[in-house]
Chemist: 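Quick one: the structure is below, questions incoming.
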Amino acid sequence: MLSYWRQYLAISPFYLIFLGFSFVPVFYSLYLSFQRYDGLGTKQFVGLQQFEFLWSDPVFWLSIRNTLIIWVLSTVPTLFGALVLATLLHSVRRFKGFYRIALYVPNVTSIVAVAIFFGAVFSNDFGLVNAILGTVGISPVPWLSDPWLIKVVIALLMTWMWTGYNMIIYLAGLQAIPQSVYEAAKMDGAGPVRTFFQITIPIMRPIILFTVVISTINGLQSFSEPQVLFASNAANQNLGGPGQAGLTTLLYFYQSAFLDNDYGYGAAIVWAFFVLIIVLVVINWRIVQRGRKS
(Lines give C-alpha, C1' and ligand atoms only; values in the text may rest on other atoms or scores of the structure.)
Protein backbone atom coordinates (compact mmCIF):
# COMPACT_ATOMS: atom_id res chain seq x y z
CA MET A 1 0.00 0.00 0.00
CA LEU A 2 2.88 2.37 0.77
CA SER A 3 4.18 1.83 -2.73
CA TYR A 4 1.30 4.00 -4.00
CA TRP A 5 2.26 7.01 -1.88
CA ARG A 6 2.76 9.18 -4.95
CA GLN A 7 -0.82 8.56 -6.07
CA TYR A 8 -2.16 9.24 -2.59
CA LEU A 9 -0.08 12.42 -2.44
CA ALA A 10 -1.53 13.53 -5.80
CA ILE A 11 -5.13 13.21 -4.61
CA SER A 12 -4.50 14.43 -1.04
CA PRO A 13 -5.26 18.15 -1.73
CA PHE A 14 -8.91 17.36 -2.37
CA TYR A 15 -9.29 15.38 0.85
CA LEU A 16 -7.39 17.95 2.90
CA ILE A 17 -9.61 20.75 1.56
CA PHE A 18 -12.72 18.63 2.14
CA LEU A 19 -11.59 17.85 5.69
CA GLY A 20 -10.81 21.48 6.52
CA PHE A 21 -13.71 23.23 4.80
CA SER A 22 -16.54 20.67 4.85
CA PHE A 23 -16.11 17.75 7.25
CA VAL A 24 -14.80 19.64 10.29
CA PRO A 25 -17.20 22.63 9.97
CA VAL A 26 -20.20 20.27 9.76
CA PHE A 27 -19.42 18.62 13.06
CA TYR A 28 -18.32 21.90 14.62
CA SER A 29 -21.77 23.29 13.82
CA LEU A 30 -23.29 20.32 15.66
CA TYR A 31 -21.12 21.14 18.68
CA LEU A 32 -22.10 24.80 18.31
CA SER A 33 -25.81 23.96 18.41
CA PHE A 34 -25.42 23.07 22.11
CA GLN A 35 -23.68 26.36 22.89
CA ARG A 36 -24.73 29.98 23.30
CA TYR A 37 -22.22 31.93 21.25
CA ASP A 38 -22.24 35.36 19.62
CA GLY A 39 -19.03 34.90 17.64
CA LEU A 40 -16.85 37.02 19.94
CA GLY A 41 -17.35 36.06 23.58
CA THR A 42 -16.86 32.73 25.28
CA LYS A 43 -19.11 29.80 24.49
CA GLN A 44 -21.65 28.76 27.09
CA PHE A 45 -22.93 25.20 27.09
CA VAL A 46 -26.75 25.19 27.22
CA GLY A 47 -27.52 21.60 26.31
CA LEU A 48 -30.82 21.21 24.49
CA GLN A 49 -32.10 24.69 25.30
CA GLN A 50 -31.57 25.87 21.72
CA PHE A 51 -33.72 23.04 20.37
CA GLU A 52 -36.36 23.57 23.06
CA PHE A 53 -36.65 27.21 22.05
CA LEU A 54 -36.67 26.14 18.41
CA TRP A 55 -39.68 23.91 19.05
CA SER A 56 -41.69 26.85 20.40
CA ASP A 57 -40.36 29.47 17.96
CA PRO A 58 -43.26 30.61 15.71
CA VAL A 59 -40.89 32.20 13.17
CA PHE A 60 -39.06 28.88 12.73
CA TRP A 61 -42.33 27.06 11.99
CA LEU A 62 -43.36 29.87 9.65
CA SER A 63 -40.11 29.38 7.75
CA ILE A 64 -40.71 25.62 7.60
CA ARG A 65 -44.21 26.16 6.24
CA ASN A 66 -42.98 28.65 3.65
CA THR A 67 -40.18 26.33 2.58
CA LEU A 68 -42.48 23.33 2.16
CA ILE A 69 -45.06 25.32 0.17
CA ILE A 70 -42.39 26.75 -2.15
CA TRP A 71 -40.85 23.29 -2.50
CA VAL A 72 -44.16 21.73 -3.60
CA LEU A 73 -45.02 24.64 -5.93
CA SER A 74 -41.62 24.36 -7.64
CA THR A 75 -40.76 20.64 -7.58
CA VAL A 76 -43.98 19.24 -9.04
CA PRO A 77 -44.08 21.44 -12.19
CA THR A 78 -40.28 21.19 -12.54
CA LEU A 79 -40.19 17.40 -12.71
CA PHE A 80 -43.36 17.07 -14.77
CA GLY A 81 -42.29 19.80 -17.19
CA ALA A 82 -38.80 18.30 -17.47
CA LEU A 83 -40.23 14.89 -18.34
CA VAL A 84 -42.59 16.33 -20.94
CA LEU A 85 -39.81 18.44 -22.51
CA ALA A 86 -37.44 15.47 -22.55
CA THR A 87 -40.08 13.35 -24.29
CA LEU A 88 -40.70 16.04 -26.90
CA LEU A 89 -36.98 16.64 -27.42
CA HIS A 90 -36.38 12.91 -27.75
CA SER A 91 -38.68 12.85 -30.76
CA VAL A 92 -37.08 15.89 -32.41
CA ARG A 93 -34.86 15.16 -35.39
CA ARG A 94 -33.40 18.60 -36.18
CA PHE A 95 -31.66 21.19 -33.97
CA LYS A 96 -31.65 18.79 -31.00
CA GLY A 97 -28.31 20.15 -29.76
CA PHE A 98 -29.60 23.73 -29.90
CA TYR A 99 -32.68 22.86 -27.87
CA ARG A 100 -30.59 21.05 -25.25
CA ILE A 101 -28.33 24.05 -24.77
CA ALA A 102 -31.20 26.53 -24.77
CA LEU A 103 -33.14 24.61 -22.11
CA TYR A 104 -30.06 23.98 -19.96
CA VAL A 105 -28.73 27.56 -19.98
CA PRO A 106 -30.96 28.73 -17.06
CA ASN A 107 -29.31 26.18 -14.77
CA VAL A 108 -25.82 27.58 -15.35
CA THR A 109 -26.92 31.22 -15.14
CA SER A 110 -26.07 33.09 -11.95
CA ILE A 111 -28.93 32.67 -9.50
CA VAL A 112 -28.42 36.27 -8.33
CA ALA A 113 -28.82 37.56 -11.88
CA VAL A 114 -31.93 35.44 -12.38
CA ALA A 115 -33.45 36.64 -9.11
CA ILE A 116 -32.81 40.28 -10.04
CA PHE A 117 -34.40 39.66 -13.44
CA PHE A 118 -37.48 38.04 -11.89
CA GLY A 119 -37.73 40.88 -9.38
CA ALA A 120 -37.87 43.35 -12.27
CA VAL A 121 -40.28 41.27 -14.35
CA PHE A 122 -42.73 40.73 -11.46
CA SER A 123 -42.37 44.17 -9.90
CA ASN A 124 -45.68 45.46 -8.55
CA ASP A 125 -45.37 48.90 -10.12
CA PHE A 126 -43.11 48.64 -13.18
CA GLY A 127 -42.94 44.91 -13.88
CA LEU A 128 -43.18 43.49 -17.38
CA VAL A 129 -45.88 41.00 -16.36
CA ASN A 130 -48.16 43.71 -14.99
CA ALA A 131 -47.48 45.84 -18.07
CA ILE A 132 -48.65 42.97 -20.29
CA LEU A 133 -51.70 42.39 -18.10
CA GLY A 134 -52.50 46.10 -18.32
CA THR A 135 -52.67 45.93 -22.10
CA VAL A 136 -55.63 43.53 -21.82
CA GLY A 137 -57.38 45.56 -19.13
CA ILE A 138 -56.27 43.58 -16.05
CA SER A 139 -55.31 45.67 -13.04
CA PRO A 140 -51.76 45.28 -11.60
CA VAL A 141 -51.20 42.12 -9.56
CA PRO A 142 -49.26 42.46 -6.26
CA TRP A 143 -46.74 39.74 -7.11
CA LEU A 144 -44.18 40.79 -4.51
CA SER A 145 -46.50 41.84 -1.71
CA ASP A 146 -49.24 39.20 -1.59
CA PRO A 147 -48.24 36.29 0.73
CA TRP A 148 -49.21 33.54 -1.72
CA LEU A 149 -48.02 35.29 -4.86
CA ILE A 150 -44.60 35.81 -3.24
CA LYS A 151 -44.30 32.04 -2.92
CA VAL A 152 -45.51 31.58 -6.50
CA VAL A 153 -42.83 33.96 -7.85
CA ILE A 154 -40.06 32.18 -5.91
CA ALA A 155 -41.38 28.81 -7.11
CA LEU A 156 -41.48 30.05 -10.72
CA LEU A 157 -37.88 31.21 -10.41
CA MET A 158 -36.77 27.81 -9.11
CA THR A 159 -38.81 26.00 -11.77
CA TRP A 160 -37.23 28.07 -14.52
CA MET A 161 -33.73 27.30 -13.25
CA TRP A 162 -34.04 23.56 -12.61
CA THR A 163 -36.34 22.28 -15.35
CA GLY A 164 -33.52 22.10 -17.91
CA TYR A 165 -31.21 20.24 -15.51
CA ASN A 166 -33.79 17.52 -14.88
CA MET A 167 -34.72 17.44 -18.56
CA ILE A 168 -31.14 16.48 -19.49
CA ILE A 169 -31.24 13.60 -17.00
CA TYR A 170 -34.60 12.39 -18.31
CA LEU A 171 -33.42 12.70 -21.90
CA ALA A 172 -30.44 10.46 -21.14
CA GLY A 173 -32.83 7.90 -19.67
CA LEU A 174 -35.17 8.07 -22.65
CA GLN A 175 -32.31 7.48 -25.07
CA ALA A 176 -31.52 4.24 -23.22
CA ILE A 177 -35.02 2.83 -23.85
CA PRO A 178 -35.03 0.49 -26.89
CA GLN A 179 -37.01 1.89 -29.79
CA SER A 180 -38.54 -1.55 -30.30
CA VAL A 181 -40.61 -1.06 -27.12
CA TYR A 182 -42.33 1.98 -28.62
CA GLU A 183 -42.77 0.26 -31.97
CA ALA A 184 -44.46 -2.69 -30.26
CA ALA A 185 -46.77 -0.35 -28.36
CA LYS A 186 -47.66 1.46 -31.57
CA MET A 187 -48.48 -1.82 -33.26
CA ASP A 188 -50.81 -2.66 -30.35
CA GLY A 189 -52.68 0.57 -30.95
CA ALA A 190 -51.29 2.63 -28.05
CA GLY A 191 -51.44 6.38 -28.63
CA PRO A 192 -48.84 8.93 -27.51
CA VAL A 193 -50.55 9.66 -24.17
CA ARG A 194 -51.03 6.00 -23.27
CA THR A 195 -47.46 5.22 -24.31
CA PHE A 196 -46.16 8.04 -22.14
CA PHE A 197 -47.99 6.97 -18.98
CA GLN A 198 -47.85 3.19 -19.36
CA ILE A 199 -44.44 2.67 -20.94
CA THR A 200 -42.20 5.71 -20.57
CA ILE A 201 -42.92 6.52 -16.93
CA PRO A 202 -42.68 2.91 -15.60
CA ILE A 203 -39.35 2.35 -17.37
CA MET A 204 -38.06 5.73 -16.21
CA ARG A 205 -39.06 5.16 -12.58
CA PRO A 206 -35.50 4.70 -11.20
CA ILE A 207 -34.39 7.94 -12.90
CA ILE A 208 -37.51 9.71 -11.66
CA LEU A 209 -36.67 8.50 -8.16
CA PHE A 210 -33.20 10.03 -8.48
CA THR A 211 -34.55 13.39 -9.64
CA VAL A 212 -37.18 13.40 -6.89
CA VAL A 213 -34.49 12.91 -4.24
CA ILE A 214 -32.17 15.54 -5.74
CA SER A 215 -35.05 17.99 -6.26
CA THR A 216 -36.17 17.48 -2.67
CA ILE A 217 -32.70 18.31 -1.37
CA ASN A 218 -32.23 21.30 -3.70
CA GLY A 219 -35.77 22.62 -3.42
CA LEU A 220 -35.75 22.70 0.37
CA GLN A 221 -32.50 24.69 0.39
CA SER A 222 -33.94 27.82 -1.23
CA PHE A 223 -32.01 30.82 0.07
CA SER A 224 -30.65 33.15 -2.60
CA GLU A 225 -34.01 33.49 -4.36
CA PRO A 226 -35.92 35.25 -1.53
CA GLN A 227 -32.78 36.98 -0.26
CA VAL A 228 -32.09 38.71 -3.57
CA LEU A 229 -35.74 39.30 -4.45
CA PHE A 230 -36.36 41.19 -1.22
CA ALA A 231 -32.91 42.71 -0.67
CA SER A 232 -32.35 41.02 2.69
CA ASN A 233 -29.52 42.61 4.61
CA ALA A 234 -28.70 44.07 7.99
CA ALA A 235 -30.59 47.26 7.18
CA ASN A 236 -33.68 45.34 6.09
CA GLN A 237 -34.88 43.08 8.87
CA ASN A 238 -38.09 42.19 7.03
CA LEU A 239 -36.59 39.04 5.58
CA GLY A 240 -38.68 37.19 3.03
CA GLY A 241 -40.77 40.17 1.96
CA PRO A 242 -43.99 41.55 3.46
CA GLY A 243 -45.25 39.42 6.32
CA GLN A 244 -42.15 37.23 5.91
CA ALA A 245 -44.12 35.27 3.32
CA GLY A 246 -40.91 34.30 1.51
CA LEU A 247 -38.86 33.58 4.64
CA THR A 248 -37.34 30.14 4.06
CA THR A 249 -35.60 28.11 6.75
CA LEU A 250 -32.11 28.75 5.43
CA LEU A 251 -32.89 32.45 5.22
CA TYR A 252 -34.01 32.35 8.84
CA PHE A 253 -30.75 30.59 9.71
CA TYR A 254 -28.87 33.39 7.94
CA GLN A 255 -30.79 35.98 9.95
CA SER A 256 -30.17 34.24 13.27
CA ALA A 257 -26.49 33.52 12.73
CA PHE A 258 -25.16 36.41 10.67
CA LEU A 259 -27.55 39.28 11.36
CA ASP A 260 -28.45 38.56 15.01
CA ASN A 261 -25.02 37.01 15.77
CA ASP A 262 -26.64 34.02 17.51
CA TYR A 263 -24.46 31.29 16.05
CA GLY A 264 -25.60 28.60 18.46
CA TYR A 265 -29.25 29.06 17.56
CA GLY A 266 -28.39 29.26 13.87
CA ALA A 267 -26.59 25.91 14.14
CA ALA A 268 -29.63 24.41 15.88
CA ILE A 269 -31.85 25.63 13.03
CA VAL A 270 -29.77 24.00 10.29
CA TRP A 271 -29.45 20.70 12.16
CA ALA A 272 -33.19 20.52 12.79
CA PHE A 273 -33.73 21.35 9.13
CA PHE A 274 -31.22 18.66 8.11
CA VAL A 275 -33.30 16.07 9.97
CA LEU A 276 -36.44 17.31 8.20
CA ILE A 277 -34.76 16.99 4.79
CA ILE A 278 -33.69 13.41 5.58
CA VAL A 279 -37.25 12.53 6.63
CA LEU A 280 -38.76 14.00 3.44
CA VAL A 281 -36.17 12.26 1.24
CA VAL A 282 -36.97 8.92 2.87
CA ILE A 283 -40.72 9.51 2.45
CA ASN A 284 -40.30 10.36 -1.24
CA TRP A 285 -38.05 7.34 -1.71
CA ARG A 286 -40.61 5.00 -0.13
CA ILE A 287 -43.49 6.46 -2.17
CA VAL A 288 -41.67 6.00 -5.49
CA GLN A 289 -40.37 2.57 -4.51
CA ARG A 290 -43.83 1.45 -3.46
CA GLY A 291 -45.18 2.51 -6.84
CA ARG A 292 -42.35 0.53 -8.47
CA LYS A 293 -43.23 -2.66 -6.58
CA SER A 294 -46.91 -2.34 -7.39
Side-chain angles (χ1 to χ4, degrees), residues 68-111 114 117-118 121 129 132 152-222 225 277-294:
L68 292 177
I69 292 173
I70 293 170
W71 168 61
V72 172
L73 291 176
S74 63
T75 301
V76 174
T78 294
L79 296 183
F80 181 76
L83 187 56
V84 171
L85 287 173
T87 304
L88 295 174
L89 187 57
H90 184 57
S91 61
V92 170
R93 293 291 178 263
R94 302 180 61 184
F95 306 111
K96 184 174 290 189
F98 169 78
Y99 292 130
R100 289 179 185 175
I101 295 174
L103 292 171
Y104 189 74
V105 161
N107 185 253
V108 297
T109 306
S110 169
I111 190 171
V114 174
F117 172 75
F118 266 71
V121 169
V129 174
I132 295 174
V152 170
V153 172
I154 298 174
L156 285 174
L157 193 160
M158 297 171 65
T159 299
W160 188 80
M161 289 203 66
W162 289 100
T163 299
Y165 169 84
N166 291 284
M167 182 218 54
I168 293 295
I169 296 175
Y170 288 149
L171 183 61
L174 288 171
Q175 291 174 342
I177 301 176
Q179 191 63 30
S180 58
V181 176
Y182 291 108
E183 293 175 354
K186 188 175 182 180
M187 291 180 63
D188 291 338
V193 176
R194 185 178 178 184
T195 300
F196 178 76
F197 284 102
Q198 295 189 2
I199 294 178
T200 302
I201 291 183
I203 295 177
M204 292 277 291
R205 196 178 298 275
I207 299 176
I208 294 175
L209 172 61
F210 169 78
T211 58
V212 167
V213 171
I214 296 300
S215 297
T216 300
I217 296 173
N218 289 332
L220 291 173
Q221 296 184 67
S222 54
E225 299 88 350
I277 290 177
I278 294 298
V279 171
L280 291 176
V281 167
V282 171
I283 291 174
N284 284 332
W285 180 283
R286 295 296 299 272
I287 290 175
V288 178
Q289 287 289 75
R290 182 180 300 175
R292 183 180 181 183
K293 292 178 181 177
S294 62

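Just so it is clear, the structure is predicted and the values come from calculations on it, not from any experiment.
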Chemist: Using the side-chain hydrogen bond (donor to acceptor under 3.5 Å, both in side chains) rule, collect all pairs that involve residues 159-172, keeping only residues at least two apart or in two chains.
Modeler: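 Counting only pairs at least two positions apart or across chains, the side-chain hydrogen bond (donor to acceptor under 3.5 Å, both in side chains) contacts touching residues 159-172 are Thr78-Thr159, Tyr170-Thr211.
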Chemist: Find the distance between CH2 (Trp71) and CG (Leu220) and round it off to the nearest 0.5 Å.
Modeler: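 These two atoms lie 6.0 Å from each other.
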Chemist: Give me the atom names and distance for the closest heavy-atom approach of Phe118 to Leu156.
Modeler: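 Looking at all heavy atoms of both residues, the shortest contact is CE2-C, 4.0 Å.
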Chemist: Among residues at least two apart in sequence or on other chains, which ones pass side-chain contact (heavy atoms from CB on, under 4.5 Å) with Ile168?
Modeler: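 Per chain and number, Ile168 pairs via side-chain contact (heavy atoms from CB on, under 4.5 Å) with Arg100, Tyr104.
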Chemist: Heavy atoms only: give me the nearest Ala155-Leu73 pair and the separation to one decimal.
Modeler: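 Between these two residues, the closest heavy atoms are CB-CB, 3.5 Å.
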Chemist: CD1/Ile283 to OG1/Thr216 distance, rounded to the nearest 0.5 angstrom?
Modeler: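 Rounded to the nearest 0.5 Å, the CD1-OG1 separation comes out at 10.0 Å.
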Chemist: Enter the distance from Leu83:CG to Thr200:OG1 here, rounded to the nearest 0.5 Å.
Modeler: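 Reported to 0.5 Å precision, the distance equals 7.5 Å.
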Chemist: To the nearest 0.5 Å, tell me how far Tyr99 OH sits from Leu88 CG.
Modeler: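 If we round to the nearest 0.5 Å, Tyr99:OH and Leu88:CG are 11.0 Å apart.
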Chemist: Is the count of non-hydrogen atoms from other residues, nucleotides or ligands lying under 6.0 Å from Phe196 atom CZ greater than 12?
Modeler: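 Yes, because the 6.0 Å sphere around CZ of Phe196 holds more than 12 heavy atoms from other groups.
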Chemist: What's the verdict on side-chain contact (heavy atoms from CB on, under 4.5 Å) for Met204 and Ile177, showing C-alpha distance, side-chain angles and the deciding distance?
Modeler: CA-CA 9 Å; Met204 292 277 291; Ile177 301 176; 4.2 Å; yes
Chemist: Please enumerate all residues that pass side-chain contact (heavy atoms from CB on, under 4.5 Å) together with Ile111, with sequence neighbours excluded.
Modeler: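 Once residues adjacent in sequence are excluded, the partners of Ile111 under the side-chain contact (heavy atoms from CB on, under 4.5 Å) criterion are Met161, Ser224, Glu225.
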Chemist: Rounded to the nearest 0.5 Å, what separates atom CE in Met158 from atom CG in Asn218?
Modeler: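 One gets 8.0 Å once the value is rounded to the nearest 0.5 Å.
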Chemist: Just verifying a value: how many Å separate Thr87 OG1 and Met167 CE, rounded to the nearest 0.5 Å?
Modeler: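 With rounding to 0.5 Å, OG1 (Thr87) is 11.0 Å from CE (Met167).
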Chemist: Let's go through Leu79 and Ile208 carefully: what are the C-alpha distance in whole Å and the side-chain angles of both, what is the deciding distance for side-chain contact (heavy atoms from CB on, under 4.5 Å) to 0.1 Å, and is it a yes or a no?
Modeler: CA-CA 8 Å; Leu79 296 183; Ile208 294 175; 5.8 Å; no
Chemist: Hey, is the main chain of Val212 close enough, under 3.5 Å, to the side chain of Ser215 for a donor-acceptor pair?
Modeler: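 The answer is no, because no donor-acceptor pair under 3.5 Å joins these two groups.
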